[in-house]
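So the structure is just underneath, and the comments pick up after that.
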Number of protein chains: 2
Amino acid sequence: MNAKERRTARHRPAPAEETRPRRRRDPITVDQVVETALGIIATEGYDALTMRRLSAALDTGPASLYAHVVNKADLDELLIGRLCARLTLPDPDPATWRDQLRGVCEALRDQYLQYPGISRAALAMAPTDLEALRVSEGMLAILLAAGIAPQRAAWTIDALLLYVAAHCLELSVAHRRAEDGDEVWPADRTDLLHRLTTLPAAAFPHTTRHAAELTAGTPHDRFDFTVRLMINGLA
Amino acid sequence: MNAKERRTARHRPAPAEETRPRRRRDPITVDQVVETALGIIATEGYDALTMRRLSAALDTGPASLYAHVVNKADLDELLIGRLCARLTLPDPDPATWRDQLRGVCEALRDQYLQYPGISRAALAMAPTDLEALRVSEGMLAILLAAGIAPQRAAWTIDALLLYVAAHCLELSVAHRRAEDGDEVWPADRTDLLHRLTTLPAAAFPHTTRHAAELTAGTPHDRFDFTVRLMINGLA
DNA sequence: AACTTGACACGAACGCTGTTCGTTTCTAGA
DNA sequence: TCTAGAAACGAACAGCGTTCGTGTCAAGTT
């Protein structure tokens with residue numbers, strides 16, 4: 001079976017798993033590729049995940065990967081699919097639907113944050129991946145059980161998933177830039193606070209006055225705030 | 001003056017403009033670089049904006065660009081800065097603050113959409129760029145005039161700006177993938193609808209049942225919905 | 001008027017990327 | 001035992017961002 005056939009098969013309802021013949025002493029499997037890739041991302045970040053780096057970690061050359069994966073984009077999809085597969089979706093409970101929905105978002109966020117920068121792959125992914133669809137199906141179940149209109153539910157889910165990915169991407173970018181010693185990037189919160197307060201007060205009256213609020217809060221605080229904002233807007 | 005000095009100068013309050021001596025018949029200026037880059041993005045997309053492609057459009061070699069720009073990241077920042085500079089910010093009016101805020105978001109979205117994929121640069125940008133700060137200052141003014149607490153206002157602005165960028169990024173990715181004839185990517189709305197309805201109903205009961213709602217709405221409808229969702233959540 | 005200075009332009013190269021071609025290797029089924 | 005064919009892989013290609021060393025030419029100084 002071709003690797004490209006495998007990809008299209010992943011987007012069909014029933015991807016039949018099957019044991020294949022093996023050649024090597026430790027023949028490479030797609031699972032191995034995905035797991036190794038996640039390991040690289042976890043320790044070195046998504047930018048370090050190149051086909052060469054990955055193939056080296058698997059003790060082979062770049063060309064060998066293309067027997068298991070169509071593209072880097074395809075690999076990205078596999079990675080996100082693996083992350084989505086890890087999420088446990090709650091049984092919809094109309095009494096606690098807000099907390100349930102927030103819980104799913106936070107679980108997804110935690111998965112993303114565990115693999116810095118991987119959310120970039122999520123943002124570029126096809127909307128028909130089965131594991132990703134499983135997550136949105138679960139979120140849809142929660143919202144419908146809560147009595148939200150299907151149209152509003154669908155759009156809210158998209159908005160939430162988009163925000164989660166974007167939020168994690170922003171965090172990973174900030175983290176990478178900060179530790180690379182970028183001059184332009186503020187080193188820490190006090191640095192950013194200082195830059196905002198020293199802006200010309202004439203052109204930036206509110207920014208300078210409320211610099212404290214602008215720089216306040218942990219990333220989790222901001223995430224929690226925004227998710228609540230969107231969920232509250234539903235009612 | 002070095003290009004790196006110029007960059008740090010752009011992050012300081014008062015970037016003094018100055019006429020410089022010229023060498024070439026048509027010496028390259030930063031303005032020229034930025035405008036040419038925007039032209040390339042507008043017609044060929046952000047992915048086509050490489051240092052080589054840009055330098056070729058300016059009738060020179062890649063190395064020449066680095067006299068005016070520190071990095072590609074620096075160029076990205078200039079591009080987003082230019083876009084932000086084009087936005088006209090309204091005088092805060094407590095009576096229509098929701099519409100005003102939505103208007104700013106839509107104007108920013110339209111700028112992003114005019115240059116497909118450029119929002120990727122926005123997501124990776126330093127939060128201290130002067131033109132970008134001008135925009136958030138304007139949004140902050142609207143929210144504060146409306147009586148929103150500074151802390152909530154600040155976080156809401158970040159959430160909105162993040163969503164606008166992410167939304168446009170998602171649109172550009174979808175557009176590029178669709179016109180590249182990607183097999184995995186749904187060609188159009190009916191294609192996506194068909195894929196969702198043919199999912200196994202046992203595992204995806206809600207997705208299959210409400211596939212129509214899931215695929216309904218223009219991108220602008222979804223954008224409008226989400227922005228309203230966040231703004232309404234404020235009250 | 002000749003000279004020094006230094007910013008800008010630029011050709012060539014480096015190390016890296018994703019991807020492909022052609023070949024070799026080795027197992028599963030006939 | 002033999003063969004078909006999938007997997008593995010070495011080598012290469014075109015392209016990327018970036019840097020180095022050098023060339024060039026106008027402005028300011030002597």
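Worth saying up front: this structure is predicted, and the values here are computed from it rather than measured. Numbers restart at 1 for each chain; the letters A, B, ... are given by sequence-line order, proteins then strands. Quick note: numbers below take in every heavy atom, side chains included, and nothing from hydrogens, waters or symmetry partners.
Here the P atom of nucleotide C:dG18 and the CG atom of A:L65 are 10 Å apart, to the nearest Å. Here D:dG10 presents its C1' atom at 15 Å from CG of A:D59, a figure rounded to the nearest Å.
Among all heavy-atom pairs drawn from A:S136 and A:I157, the shortest one is O-CD1, 3.9 Å. Across all non-hydrogen atoms, the minimal contact from B:D129 to B:M125 is CB-CE, 3.9 Å.
Remark: the B:D31 side chain and the B:T29 side chain contain no N/O donor-acceptor pair separated by less than 3.5 Å. Of the N and O atoms on the side chains of A:Y46 and A:D76, at least one donor lies less than 3.5 Å from an acceptor on the other residue.
Put simply, A:H68 has a side-chain N or O that comes within less than 4.0 Å of OP1 or OP2 on D:dA8. Taking side-chain N and O atoms only, B:T60 has a distance below 4.0 Å to OP1 or OP2 of C:dC10. An OP1 or OP2 oxygen of D:dC9 is reached within less than 4.0 angstrom by a side-chain nitrogen or oxygen of A:S64.
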Report each atom pair, protein N/O against N/O of nucleotides 16-19 of chain D, whose distance is under 3.5 angstrom.
{"residue": "D:dC16", "atom": "OP1", "partner": "B:T50", "partner atom": "OG1", "Å": "3.3"}
{"residue": "D:dG17", "atom": "OP1", "partner": "B:M51", "partner atom": "N", "Å": "3.4"}
{"residue": "D:dG17", "atom": "OP2", "partner": "B:M51", "partner atom": "N", "Å": "2.8"}
{"residue": "D:dG17", "atom": "N7", "partner": "B:R52", "partner atom": "NH1", "Å": "2.4"}
{"residue": "D:dG17", "atom": "O6", "partner": "B:R52", "partner atom": "NH1", "Å": "3.4"}
{"residue": "D:dG17", "atom": "O6", "partner": "B:R52", "partner atom": "NH2", "Å": "2.9"}
{"residue": "D:dT18", "atom": "OP1", "partner": "B:N71", "partner atom": "OD1", "Å": "3.0"}
{"residue": "D:dT18", "atom": "OP2", "partner": "B:Y66", "partner atom": "OH", "Å": "2.8"}
{"residue": "D:dT18", "atom": "OP2", "partner": "B:K72", "partner atom": "N", "Å": "2.9"}
{"residue": "D:dT18", "atom": "O5'", "partner": "B:Y66", "partner atom": "OH", "Å": "3.3"}

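A salt bridge links B:D47 with B:R120: the distance from a Lys NZ or Arg NE/NH1/NH2 to an Asp or Glu carboxylate oxygen falls below 4.0 Å. Checked for salt-bridge contact, B:R134 and B:E137 miss the test: no charged N lies under 4.0 Å from a carboxylate O.
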